[in-house]
Amino acid sequence: MTESRSTAAVVRATMATVVHEPVVAIMLVAAFFDGISGNPIHALLLGGVAIVLGRDIALGEPNPPIPLVERGMWIPGGWTVAAFSAAFALVVGAFPRYSWPATVGVVAAAAAAIAVAWRGPLVVHADPGPLPRRGVVAWSTVLVAGALWELEALLLQPSLTLDSQQHPTISTLTDPVLSTHAGRTLIMLAWLLVGWFLMRQ
């Protein structure tokens with residue numbers, strides 16, 4: 001038996017990870033519904049990241065990753081990130097929603113963030129310890145309720161690819177905002193800044 005795991009063992013460990021890791025499971029579910037709703041690109045991206053993440057967790061890390069700041073890598077400051085994000089959002093937001101230029105811009109930003117985050121944390125934070133049970137239950141309830149509401153709205157539409165104002169999904173509700181350049185720019189800017197904040201946690 002070699003030190004490296006067999007393919008079958010990796011597959012079994014990955015499947016176990018999918019079952020026990022809620023983030024991986026949620027991404028797979030989101031990929032499935034994106035796929036049946038006529039968004040194959042979103043489905044492929046979500047599903048691909050979920051599978052790779054599940055495999056990564058299943059294989060485990062022999063040594064903890066070294067924070068990027070300890071590798072001597074330059075990490076941009078807050079104002080630099082804000083300025084770049086504003087310029088990026090302004091350019092990408094000029095293109096219509098779901099157009100190829102907008103899709104390529106979003107995919108490029110997301111891929112870059114995943115590539116950086118996958119190499120290890122940006123900075124070191126003290127271990128906060130276990131999460132408060134009350135907070136976990138409260139946020140889990142909110143997320144599950146929101147997911148069930150979205151699923152109900154999706155299933156009550158005339159079809160999975162046809163929007164309904166009587167039973168709007170979150171995507172339908174955001175259509176008025178995302179139909180304008182200013183709206184797309186602001187949403188894109190918020191998405192980038194929240195993503196940067198999460199990467200530093």
Side-chain angles (χ1 to χ4, degrees), residues 23-54 56 67-69 71 73-123 142-143 146-147 149-151 153-154 157 159-165 167-201:
V23 172
V24 176
I26 288 170
M27 292 181 73
L28 286 175
V29 171
F32 171 76
F33 281 105
D34 259 334
I36 65 175
S37 300
N39 294 317
I41 295 178
H42 295 174
L44 288 173
L45 290 174
L46 286 170
V49 172
I51 291 172
V52 174
L53 180 60
D56 197 55
L68 299 185
V69 69
R71 301 181 192 178
M73 297 184 66
W74 175 73
I75 298 177
W79 287 111
T80 302
V81 171
F84 175 81
S85 298
F88 185 88
L90 192 63
V91 172
V92 176
F95 298 102
R97 190 180 183 190
Y98 298 128
S99 64
W100 277 109
T103 300
V104 170
V106 171
V107 170
I114 291 173
V116 171
W118 216 286
R119 298 178 63 186
L122 296 182
V123 294
V142 171
L143 292 174
W149 174 77
E150 175 78 357
L151 178 60
L154 177 65
Q157 291 182 157
S159 74
L160 293 176
T161 58
L162 184 61
D163 296 337
S164 169
Q165 294 301 324
H167 305 285
T169 60
I170 294 175
S171 178
T172 303
L173 292 174
T174 57
D175 280 343
V177 175
L178 296 175
S179 65
T180 66
H181 183 191
R184 291 191 297 271
T185 298
L186 290 175
I187 295 298
M188 174 70 69
L189 178 60
W191 177 66
L192 291 170
L193 294 180
V194 169
W196 175 252
F197 170 78
L198 292 176
M199 287 176 63
R200 292 184 60 86
Q201 299 310 301

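- With rounding to the nearest 0.5 Å, the separation of OG in Ser159 from CD1 in Ile36 is 11.0 Å.
- Contact record, Leu90 with His181: O-NE2, 3.0 Å, taken as the closest heavy-atom pair.
- Under the 4.5 Å side-chain criterion, counting only non-hydrogen atoms from C-beta, Ile170 is in contact with Trp149.
- Taking CD1 from Ile51 and CG from Leu28, the interatomic distance works out to 6.5 Å, rounded to the nearest 0.5 Å.
- For the salt bridge (Lys or Arg N to Asp or Glu O under 4.0 Å) test, residues two or more places apart in sequence or in another chain that qualify with Asp175 are Arg97.
- Separating the CG atom in Leu178 from the OG1 atom in Thr185 is a distance of 10.5 Å, to the nearest 0.5 Å.
- When all heavy atoms of Met188 and Val92 are compared, the closest pair comes out as CE-CG1, 3.6 Å.
- Considering only residues two or more places apart in sequence or on other chains, Thr169 meets the side chain to side chain donor-acceptor pair (under 3.5 Å) condition with Thr172.
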Contacts under 3.5 angstrom, residues 98-111 side chains, donor-acceptor by atom type, not counting sequence neighbours:
residue: Ser99; atom: OG; partner: Pro96; partner atom: O; Å: 2.7
residue: Thr103; atom: OG1; partner: Ser99; partner atom: O; Å: 2.9

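- Between Leu151 and Phe33 the shortest side-chain heavy-atom distance falls below 4.5 Å.
- Residues Leu46 and Ala31 approach most closely at CB-CB, 3.8 Å, considering heavy atoms.
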TODO: Verify side-chain contact (heavy atoms from CB on, under 4.5 Å) between Leu154 and His167, making sure each step is shown before the conclusion.
DONE: CA-CA 8 Å; Leu154 177 65; His167 305 285; over 6 Å; no

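- The heavy-atom pair separating Ala50 from Val24 by the smallest distance is O-CG1, 3.6 Å.
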